[in-house]
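The next block holds one structure in the form of structure tokens; read it before the comments.
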Amino acid sequence: MAALRVTTLLFFAQSLQAGRPTTSASNLAMPHSAALPLRGISPPGSFRSLDHRQMMVDKRLRGVFSPAAGPVPASPLCFATAGTSGTSQDQSPVLEDSIESGEDGKVAREVLPTLPDRDFSGTSYVPVYVMLPLSAVNMNGEVADPDGLINDLKLLKSAGVDGVMVDCWWGIVEANKPLEYNWSGYKYLFEIIKQLKLKLQVVMSFHKCGSNVGDDIIIPLPNWVAQIGRANPDIYFTDRHGRRNSECLTWGIDKERVLRGRTALEVYFDFMRSFRVEFNELFEDGVISEIEIGLGPCGELRYPSYAMEHGWRYPGIGEFQCYDQYLMKSLRNAAEGRGHPFWGKGPDNAGTYNSRPQDTSFFCDGGDYDGYYGRFFLGWYSKVLVDHADYVLTLAKLAFEGSSIAVKVSGVHWWYKTASHAAELTAGFYNPCNRDGYAPITAMLKKHNAALNFTCVELRTLNQYEKFPEAMSDPEGLVWQVLNAAWDSGIPVSSENALPCFDRDGFNKILENAKPFNDPDGRHLLSFTYLRLAPALFEEMNFFEFKRFVKKMHGEAVLDH
């Protein structure tokens, strides 16, 4: 590890001296043909100026080391173990860095001091929310543990948090019959939150809980929807081999009357309208500050391309999810409209869930993804994603007129350092190295005055390389691209962490993204939502770090050393 670190530092220093942007360490292992895709380069110094980066590298090379990446794991989609020790590496006065020496391979210890944290006092106020447990309201429509929850909320209040995020599950509220809604558990929960003078971010969760990393309970889609699915499994996303994904409904039925006489869009609208009427007072009082609209699996705007239940494991590229009869009909119509009806099928050389880009004829360098058919197919596939969000947000604006709405987009950062960006392509983000796949999404959000909520803001590229060098991952480059695409479109940006974060290094990375260093336009996040309320958060050192983080997000002075 020490040898890798020394090599990496020398590489950073050479890059700076040559006057070119610092790339993540994953470039060190890249084939020449994919070494420098147009947007595969990490942002310069993670929002820092060249002079600042030069200073940091110079200090490192003189033996002064900034805090190493703490126990922050890879993306929630990486299945790495989250750090939960509650202590941060840079809590101690010094950081030990080992250097190999001696004929017998013994390790000598060089003790190196840490660098001071950036001072955020006087910076912009960024509100901090905390996600409540997924099971806050159980399948019976009741608050699971009201006394325990009240105590936890009081602790969060003492830490200075602005509010909490709550999932309103379609599978609980409209569980048994169409248009029959049970909001009783949420009424009780929201009243508790209101009395504690906390704000509410509410998620319209039209997906199943239990299919993603961190899901500790199972909340299926409504029973009556499952009955329809047994008779007509094409209401679900489907892969090339005919495997169905029941986590959410395919976008192919957005305008198909297959849900007891209603289209999927009508079902979503009726649910949102019922919520708006039921909780009108909380909207009027300003308790509900934002509504996040669930648009796909895990509540995110993406295809369910990397499904664990189908055997996917990080860093597999995933599979296209367009083989239900409704999306295939749409594809055939698009191909005929283009004048090439033989294009009305999915690619047959795109590998499987756990393939690598270079092992497929479609995603490899110079592969079919960038040929005539490939560009047609990916254009159609990504347009279906954008159109779905456009349709649902049009209705959400009607249901929540005058309220702030947001959309969550997942951070698919693996294979970002390759030309094709294969994992993003299968997820619906048409973002190869020669095309900006997030600009159409942010332009659509601008049309609806909706905010973008983006994930993985706590991840560091070098840390990802050390854990999974084969993944060609670059979360910092991805965050830089997406945040700037949103800001360039003139829409507000919120964010959340990918996995539970307790250490200072992870919090500092979030702060760097929340308030970019020396940004001439003073841009910053609209809000940050912490994942998630759990007993580990209240362990002494964890809670200390969290409270310290909240103060910095609020622009307050932090006096501890």
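The side-chain heavy atoms of Val482 and Leu478, taken from C-beta on, include a pair separated by under 4.5 Å. A heavy-atom distance below 4.5 Å is not found between the side chains of Arg118 and Asn508.
The side-chain contact (heavy atoms from CB on, under 4.5 Å) test applied to Cys209 returns Leu134, Trp169, Asp215, Ile217, Ile219, not counting sequence neighbours. Looking at residues two or more places apart in sequence or on another chain, you find no side chain to side chain donor-acceptor pair (under 3.5 Å) involving Arg332. The side chain to side chain donor-acceptor pair (under 3.5 Å) search around His388 returns Trp251, Asp254, not counting sequence neighbours. Every residue two or more places apart in sequence or in another chain that forms a side-chain contact (heavy atoms from CB on, under 4.5 Å) with Asp390 is listed here: Thr394, Met444, Lys447, His448. Remark: Tyr125 pairs with His554 by the ring pair (Phe, Tyr, Trp, His ring centres under 6.0 Å) rule, at least two apart or across chains. The side chain to side chain donor-acceptor pair (under 3.5 Å) check on Asp324 picks up Thr250, with sequence neighbours excluded. Residues satisfying the salt bridge (Lys or Arg N to Asp or Glu O under 4.0 Å) criterion with Asp368, sequence neighbours excluded, are absent altogether. Every side-chain contact (heavy atoms from CB on, under 4.5 Å) that Arg356 has, sequence neighbours left out, goes to Gln358, Asp359, Trp415. For Lys383, the side chain to side chain donor-acceptor pair (under 3.5 Å) partners at least two apart in sequence or on another chain are Asp387. With sequence neighbours left out, the side-chain contact (heavy atoms from CB on, under 4.5 Å) criterion links Met131 to Met165, Glu496, Thr529, Leu531, Arg532.
Checking side-chain atoms of Glu247 against main-chain N and O of Cys298 turns up a donor-acceptor pair under 3.5 Å. Looking at Asp521, its side chain never comes within 3.5 Å of a backbone N or O of Arg523 through a donor-acceptor pair. Arg375 contributes a side-chain N or O that, together with a main-chain N or O of Asp370, makes up a donor-acceptor pair within less than 3.5 Å. Of the possible polar contacts, one joining the Trp312 side chain to the Gly316 backbone as a donor-acceptor pair under 3.5 Å is found. Between the side chain of Thr455 and the backbone N or O of Gly411 there is at least one donor-acceptor pair closer than 3.5 Å.
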Could you list the donor-acceptor pairs under 3.5 angstrom formed between side-chain atoms of residues 336-347 and any protein atom two or more places apart in sequence or on another chain?
none

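With His421 as reference, Tyr416 is the one residue of Tyr438, Trp414, Phe363, Tyr416 to meet the ring pair (Phe, Tyr, Trp, His ring centres under 6.0 Å) rule. Each of Lys509, Arg460, Lys417 was checked for a salt bridge (charged side-chain N to carboxylate O under 4.0 Å, His left out) with Glu476, and the lone residue meeting it is Lys509.
Separation of the Tyr381 and Phe377 ring centroids falls under the 6.0 Å cut-off. For Phe269 and Tyr391, the gap between ring centers reaches or exceeds 6.0 Å.
The aromatic rings of Trp170 and Phe206 sit perpendicular to each other, their planes meeting at more than 60°, with 30° as the lower class boundary. In this structure, Tyr353 and His310 have tilted ring planes: the angle between them lies in the 30° to 60° band. Under the 30°/60° scheme for interplanar angles, the aromatic rings of Phe362 and Tyr373 are found to stand perpendicular.
A donor atom on one side chain and an acceptor atom on the other are not found under 3.5 Å apart for Thr263 and Lys255. Donor-acceptor pairing under 3.5 Å is recorded for the side chains of Ser289 and Tyr129. Residues Glu292 and Asn453 bring a donor and an acceptor atom of their side chains to less than 3.5 Å of each other. Using a 3.5 Å distance cut-off with no hydrogens or angles, the side chains of Trp487 and Thr442 do not pair a donor with an acceptor. Residues Ser527 and Ser494 bring a donor and an acceptor atom of their side chains to less than 3.5 Å of each other. For the residue pair Asn431/Glu424, the side-chain donor-acceptor check at 3.5 Å is satisfied.
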side-chain contact (heavy atoms from CB on, under 4.5 Å), that's the test. Do Ile291 and Met204 meet it? Break it down for me.
CA-CA 7 Å; Ile291 299 291; Met204 300 286 100; 3.9 Å; yes

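Residue pairs meeting the salt bridge (Lys or Arg N to Asp or Glu O under 4.0 Å) criterion with at least one member in residues 314-323, sequence neighbours excluded, are Arg243-Glu319.
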